[in-house]
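Just below is one structure, and these are the notes that go with it.
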Protein chains: 2
Amino acid sequence: MSDNNRRSMPLFPISIVISLTDLTARQIRYYEENDLIQPARTKGNRRLFSFHEVDRLLEIKDLIDKGVNLAGIKQMLAMKQEHLEEKAQAEIQQEDTTYNEDLSDKELRQLLKQELFDAGRLNKSSLRQGELSRFFH
Amino acid sequence: MSDNNRRSMPLFPISIVISLTDLTARQIRYYEENDLIQPARTKGNRRLFSFHEVDRLLEIKDLIDKGVNLAGIKQMLAMKQEHLEEKAQAEIQQEDTTYNEDLSDKELRQLLKQELFDAGRLNKSSLRQGELSRFFH
DNA sequence: CAACAGATGTTAGAAAAAGTAACATCAAAT
DNA sequence: ATTTGATGTTACTTTTTCTAACATCTGTTG
């Protein structure tokens, strides 16, 4: 399993997310209603959040605290996503043209996943994203 | 917050632990009853497990699968703990006699925690401990 | 072999946590 | 002065988790 997948595993009930983010249940549900997050659900319809989503909520909170409204946040998150995809693409090409001489398909896929993940971990300067990366091991 | 603390944060409800470990609720509660784990509780008395405890449960499961009974597991976990403490102690002394010239008390405590944590992350060869370290980031 | 102890399954009933939905509030924008 | 965006609050329902008791199964021991 890639690190990306690990960070996308639905693990946390809303109560824990509330304590980790200092958001209210109402806020979290409202942000979901407005498509800022998409928590998974248990069979019984309870929300389950991943690391990625908690990270995202921390970003959202930070922006809220700075007075950005939901529309603004939506834009920022979208832009960020694009940027990361670009960046990952660039790095993969870089990788491709430098030290990739004799790797098997399997190794290549592994590397790709790693790159994608690394990309995700960088570029978290201005926002509060990555808070959780520091939080957990 | 030290990594140790991060790994000791009560985060997971029993349902998630069940899915991560493939143990039954009955087993998990029974192991708690027999002091193999000490999950935290919510205000409302629901169990909350940390990374450390999930790791520990994976070790326990591995030993159970190998036919070790609870008494045996208890011994192994105790031994392991001792060994880690020894090791951490040794490493701290090492640290102490090499590059520790002018650290404040606070810095020392910080370092101590770090050492303890590093020790915890190593030496996970024979057992299945550390499974979670690979699982999450 | 019979009895026992260890480990786990199962069930019942109670309590906590989480869900939705509707209505309330309040500040900012129009 | 309204309207709208964001959040609080409350009521009621469903899911999840708890404890406790009893059932079952297996390996050990007298």
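Residue numbers start from 1 in every chain, and the chains themselves are labelled A, B, ... in the order their sequence lines are given, proteins ahead of strands.
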Residues touching DNA chain C, which here means a heavy atom under 4.0 Å, drawn from residues 41-48 of chain A: A:R41, A:N45, A:R46, A:R47
With a 4.5 Å cut-off on side-chain heavy atoms, are A:L20 and A:L58 touching? no
The side chain of B:I14 lies closest to which of these nucleotides: D:dA21, D:dT17, D:dA6? D:dT17
Start at the 5' end of DNA chain C and walk down; is the nucleotide closest to A:I16 or to A:R26 reached first? A:I16
Heavy-atom closest pair, residues A:D22 and A:K61: O-NZ, 3.7 Å
Spacing between B:N69 atom CG and D:dT28 atom C1', to the nearest angstrom: 12 Å
Hey, is the main chain of A:M79 close enough, under 3.5 Å, to the side chain of A:E82 for a donor-acceptor pair? no
With a 4.0 angstrom cut-off to heavy atoms of chain B, pull out the first and last contacting nucleotide of DNA chain C, in 5'-to-3' order. C:dG6 to C:dA17
Closest heavy-atom contact between A:F12 and A:V17? CB-CG2, 3.9 Å
Hits for side-chain hydrogen bond (donor to acceptor under 3.5 Å, both in side chains) against B:E33, two or more places apart or cross-chain, chain-then-number order -> none
Residues touching DNA chain D, which here means a heavy atom under 4.0 Å, drawn from residues 28-40 of chain A: A:Y30, A:Y31
Could you list the donor-acceptor pairs under 3.5 angstrom formed between side-chain atoms of residues 68-75 of chain B and any protein atom two or more places apart in sequence or on another chain?
from, atom 1, to, atom 2, distance (Å)
B:N69, OD1, B:A71, N, 3.4
B:N69, OD1, B:G72, N, 2.9
B:K74, NZ, B:N34, O, 3.1

Set of side-chain hydrogen bond (donor to acceptor under 3.5 Å, both in side chains) partners for B:R41, sequence neighbours left out: B:E32, B:N45
Please name all residues satisfying side chain to side chain contact (heavy atoms under 4.5 Å, CB included) with B:T24, sequence neighbours left out, ordered by chain then number. B:R26, B:Q27
Under 3.5 Å, is there a donor-acceptor pair between the B:Q89 and B:E85 side chains? no
Judged by nearest nucleotide, the residue sitting upstream toward the 5' end of DNA chain D, B:S15 or A:Q27, is A:Q27
If you compare all heavy atoms of B:R56 against all heavy atoms of B:I37, which two are closest, and at what distance to 0.1 Å? CD-CG2, 3.9 Å
Can you measure B:L70 atom CG to D:dG27 atom C1' for me and round it to whole angstrom units? 14 Å
Residues passing the side chain to side chain contact (heavy atoms under 4.5 Å, CB included) test with B:T42, sequence neighbours excluded, are B:R46, B:L48
